[in-house]
A.B. asks: 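Just passing along the structure, written as structure tokens.
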4 protein chains.
Amino acid sequence: MSSAPSFKRLPRAVREQQMLDAAVKVFSRRGYHAASMDEIAEDAGISKPMVYAYLGTKEELFVACLQREGTRMTEAIAGAAAPELPADERLWRGLRAFFGFVGAHRDGWAVLYRQARGEQPFAGELAAMRARLVEVVAGMLDHALRAEGREIAGTELEVVAYALVGASESLADWLADHPEADPERTATRMMNVAWLGADQLLNGVTWHPSAG
Amino acid sequence: MSSAPSFKRLPRAVREQQMLDAAVKVFSRRGYHAASMDEIAEDAGISKPMVYAYLGTKEELFVACLQREGTRMTEAIAGAAAPELPADERLWRGLRAFFGFVGAHRDGWAVLYRQARGEQPFAGELAAMRARLVEVVAGMLDHALRAEGREIAGTELEVVAYALVGASESLADWLADHPEADPERTATRMMNVAWLGADQLLNGVTWHPSAG
Amino acid sequence: MSSAPSFKRLPRAVREQQMLDAAVKVFSRRGYHAASMDEIAEDAGISKPMVYAYLGTKEELFVACLQREGTRMTEAIAGAAAPELPADERLWRGLRAFFGFVGAHRDGWAVLYRQARGEQPFAGELAAMRARLVEVVAGMLDHALRAEGREIAGTELEVVAYALVGASESLADWLADHPEADPERTATRMMNVAWLGADQLLNGVTWHPSAG
Amino acid sequence: MSSAPSFKRLPRAVREQQMLDAAVKVFSRRGYHAASMDEIAEDAGISKPMVYAYLGTKEELFVACLQREGTRMTEAIAGAAAPELPADERLWRGLRAFFGFVGAHRDGWAVLYRQARGEQPFAGELAAMRARLVEVVAGMLDHALRAEGREIAGTELEVVAYALVGASESLADWLADHPEADPERTATRMMNVAWLGADQLLNGVTWHPSAG
DNA sequence: CATGAATGAGTCTTCATTCAT
DNA sequence: TATGAATGAAGACTCATTCAT
């Protein structure tokens, strides 16, 4: 009857994104358990039965958030670290992409790494995501080693990668809690620790991005 | 008549420890919200009202767990890293104590670093604990620097320390999830990453504990 | 198919009245503390969460009862005692309205004046209601005095009004406990006491409503 | 062994009075339900099992309070209004004793007339006490009537007495809430209302205690 | 006599989830 | 499609009351 802009009857895909936006926001602020479906629905400007119809139960909704944010982050990082570059350059670009993402999606990060960690049903999902990331980093290191004709036991490499990922996550948490902090500088700091180690840092050696 | 241990009418101090043991166990398995006071009481072999009488509300109980485990850990680490040793030795002993503690108190670790992180009321408590740890590490580094007559800006140092602590926490999480893993070896790996950095590791340099 | 009244999915306003009815009934029978939300919900033919959704906590629910019954009573009395009438006539009409109300809403009266009196959180609310009533009565007396060019100190007047209100409340309690008693006759008795005092009553003087 | 004053092992009767004192105090402040046996025991400086051993369950304890305070009050009044005096003098002395008692035992009054009123198990006990009082007042009036050779129907008389008692209770409540108010003056005011009625008060007639 | 230790039972309150319109 | 109405189930917390020492 009318072509006036109606705020209802939006296409399903749009609605779902609105809901996920609201869910990520509420989950990150309240935590998984303390978040109520009521609040999420209200924040999305929609009624509760709609949320259930579109995205299923609370658990499924949280997983959907996890996956959307996880995919976004993974893609951001993967798109940055091209395999043909030297190892330090790849690591640097990966870190820059990672901290850039966290800085721009602090809510998403909170859902991903703060809430999902402690809740039994999601720990697995999260562990899988982190495992993929660790594998990428380990592959990076392995690639560099093989280029020099050397090799390290898989487990050993994995643990190193795990530590690097963990350190990055911790700095990311710090970044998420400090809105005034600069993602780029944080990435540089992480790069220094990761690439040079405490020993060299203590000896005055530092690493700097080459061009930027 | 009998000296067999009676399981009833125990003195308050004993019961409190039993309750804290049970609470740490249940909180670590279920997460803060999903844990029920019923289950904790049952696991402690006592009725719910006693838990409330001795340790207060669920929130207070969780804080009590946090503090007991946090104190234990802090003391374990502090007792290991003597200030008169050289920087790498101090770092190594601190890490060994840390991973040794986590390996021996996996539940406690889970409560401390997996559950407390996401729950608003405890994030502060936890952040304070971590801040103390970061400061200790930063102090370690600063001490070593000054010994060589050099200096780094406080913030810079703190971030490095933060990254090291974060990496250790991540490996600790990994350790807590892998019962077969050896704390000592994990500590050695962490030491390598922290002290040498990826660059040197890739170049075949490794660090080894000197004596033991 | 059928126009028989459906007992489900009633609009909010209707349900709220049902709940208040049930709450007044249960509160009056059991007392505030002994009344359980379960019983109130069951008596209203609805589940507990609806009660919480519509009327809030037990305390809020009780206040809602208090206010509904208080408003009803106040309006009944205010509508009866027109200011242009002579003092005795006004008093008489007010009393008749009051006892009529109590006779018709014995439960409401019990909630108002038996339960609210002793419970700390509501004593204030109730005291305010009674204060308004006392002021009305005091105003009535003052009006009559001024008409004859005389005056009494405010405090003095207020205490007299307080006593009259108290006497009426007591008789109302008596009325609420005696279902067979006639509100109109009770009002007449109260009028006699209030208007004539024991002295004249003892001397055979009595007061009678003029017409009706 | 020692004649030093021991605060324990007091004779039973003394202990019971201490407990009743504490109970009256706590019941009057918190209300019957909100009062906890814990608080009463603590306030009495005694352990809970002792309270149970001496005075029974909470309900029995409350009844004991009711009876002690009721008896005290009844005796105070009965001792004041000698039957050989004229009606107004008897009423006056009764009122003076009553308000004097309330002024001196505000806690006891609160237990008696504010808490007991709404709680089902005690309403009966209280009603009985009030009934005795009403009968006394009614008897007073009847006595005065018969002295003049006249008579009023029993019910009629009882209702008048009931109203007088009710008015007195209300003023007593007012007195209990106003620590600065003077019991004697309050009694005088009540006497004026009761004896003279509003009509005469409005016409400037007042009643005064003859000697004191 | 006196008490710290202990609990069964019950209440308020919330929330994920679904129906009927 | 969209939603107000509705609830089963569960969890935190309290308290009168009683043992065992």
Side-chain angles (χ1 to χ4, degrees), chain A residues 8-12 15 33-41 45-54 56-62, chain B residues 6-16 30 33-41 44-54 56-61, chain C residues 6-16 33-41 44-54 56-61, chain D residues 6 8-12 15 33-41 45-54 56-62:
Chain A
K8 307 213 164 189
R9 306 260 171 188
L10 296 178
R12 175 166 187 138
R15 275 272 147 96
H33 271 102
S36 82
M37 295 297 271
D38 274 281
E39 188 177 356
I40 292 172
I46 220 110
S47 76
K48 245 187 315 177
M50 281 287 92
V51 178
Y52 279 87
Y54 279 23
T57 72
K58 190 184 187 183
E59 200 168 316
E60 290 165 340
L61 174 58
F62 189 80
Chain B
S6 163
F7 291 109
K8 304 213 160 189
R9 306 274 157 178
L10 297 181
R12 176 169 183 149
V14 176
R15 276 275 132 94
E16 279 185 349
R30 306 260 189 239
H33 271 104
S36 85
M37 294 298 270
D38 274 288
E39 187 178 355
I40 292 172
I46 208 95
S47 73
K48 235 188 323 176
M50 286 307 294
V51 180
Y52 280 90
Y54 283 178
T57 71
K58 190 182 187 181
E59 201 168 316
E60 291 165 340
L61 173 58
Chain C
S6 163
F7 290 109
K8 305 214 160 189
R9 307 272 155 180
L10 297 181
R12 176 169 184 147
V14 175
R15 276 275 131 96
E16 280 185 348
H33 272 104
S36 85
M37 294 298 269
D38 272 289
E39 186 177 357
I40 292 172
I46 209 91
S47 73
K48 239 187 318 177
M50 287 305 296
V51 180
Y52 280 89
Y54 283 177
T57 71
K58 191 182 186 182
E59 198 168 319
E60 290 166 340
L61 174 58
Chain D
S6 162
K8 307 214 163 187
R9 307 260 168 185
L10 295 179
R12 177 168 186 136
R15 274 274 145 94
H33 271 101
S36 81
M37 295 298 270
D38 274 283
E39 188 177 356
I40 292 171
I46 219 113
S47 75
K48 246 188 311 178
M50 280 288 91
V51 179
Y52 279 88
Y54 279 22
T57 73
K58 189 183 188 184
E59 201 168 315
E60 290 164 342
L61 174 57
F62 189 80

A.B. asks: Quick one: which protein N/O atoms are closer than 3.5 Å to N/O atoms of nucleotides 16-19 of chain F? Pair and distance per line, please.
C.D. replies:
{"unit_1": "dA16(F)", "atom_1": "OP1", "unit_2": "Ala35(D)", "atom_2": "O", "d": "3.1"}
{"unit_1": "dA16(F)", "atom_1": "OP1", "unit_2": "Lys58(D)", "atom_2": "NZ", "d": "2.9"}
{"unit_1": "dA16(F)", "atom_1": "OP2", "unit_2": "Met37(D)", "atom_2": "N", "d": "3.0"}
{"unit_1": "dT17(F)", "atom_1": "OP2", "unit_2": "Tyr52(D)", "atom_2": "OH", "d": "3.1"}
{"unit_1": "dT17(F)", "atom_1": "OP2", "unit_2": "Lys58(D)", "atom_2": "N", "d": "2.9"}
{"unit_1": "dT17(F)", "atom_1": "O4", "unit_2": "Lys48(D)", "atom_2": "NZ", "d": "2.5"}
{"unit_1": "dC19(F)", "atom_1": "O2", "unit_2": "Arg9(B)", "atom_2": "NH1", "d": "2.6"}
{"unit_1": "dC19(F)", "atom_1": "O2", "unit_2": "Arg9(B)", "atom_2": "NH2", "d": "2.9"}

A.B. asks: Taking salt bridge (charged side-chain N to carboxylate O under 4.0 Å, His left out) as the definition, give me every residue that meets it alongside Glu39(B), ordered by chain and number, with sequence neighbours left out.
C.D. replies: Arg30(B)
A.B. asks: Testing the basics here: between Ala41(B) and Ser47(B), what is the closest heavy-atom pair and its distance to 0.1 Å?
C.D. replies: CB-C, 4.0 Å
A.B. asks: As an exercise, state the distance from CE of Met37(D) to NZ of Lys58(D), rounded to the nearest 0.5 Å.
C.D. replies: 7.5 Å
A.B. asks: Just the rounded figure in Å: distance from P of dA10(F) to CZ of Arg30(B).
C.D. replies: 14 Å
A.B. asks: I want to check one thing: is the phosphate of dA2(E), taken as OP1 and OP2, less than 4.0 Å away from some side-chain N or O of Tyr54(D)?
C.D. replies: yes
A.B. asks: Keeping the roles fixed (side chain from Glu60(C), backbone from Thr57(C)), state whether a donor-acceptor pair exists under 3.5 Å.
C.D. replies: yes
A.B. asks: Roughly how far, to the nearest 0.5 Å, is the CZ atom of Arg15(C) from the OH atom of Tyr54(C)?
C.D. replies: 8.0 Å
A.B. asks: Nearest 0.5 Å please: distance from the CE atom of Met50(C) over to the CZ atom of Arg12(C).
C.D. replies: 8.0 Å
A.B. asks: In whole angstrom, give the distance that lies between atom CG of Leu10(C) and atom P of dT3(F).
C.D. replies: 22 Å
A.B. asks: For a stem of at least 3 consecutive Watson-Crick or G-U pairs with distances under 3.5 Å, i pairing with j, i+1 with j-1 and so on, which stems involve DNA chain E?
C.D. replies: E:2-21 with F:2-21
A.B. asks: From CD1 of Ile40(A) over to P of dC15(E), roughly how many Å is that when rounded to an integer?
C.D. replies: 12 Å
A.B. asks: Closer to the 5' end of DNA chain E via nearest nucleotide, is it Ile46(B) or Ser47(D)?
C.D. replies: Ser47(D)
A.B. asks: Between atom CE in Met50(A) and atom P in dG4(F), what is the gap in whole Å?
C.D. replies: 11 Å
A.B. asks: Measure the spacing between NZ of Lys48(D) and CD1 of Ile40(D) and express it to the nearest 0.5 Å.
C.D. replies: 11.0 Å
A.B. asks: Using OP1 and OP2 only, check whether a side-chain N or O of Arg15(A) sits under 4.0 Å from dA2(F).
C.D. replies: yes
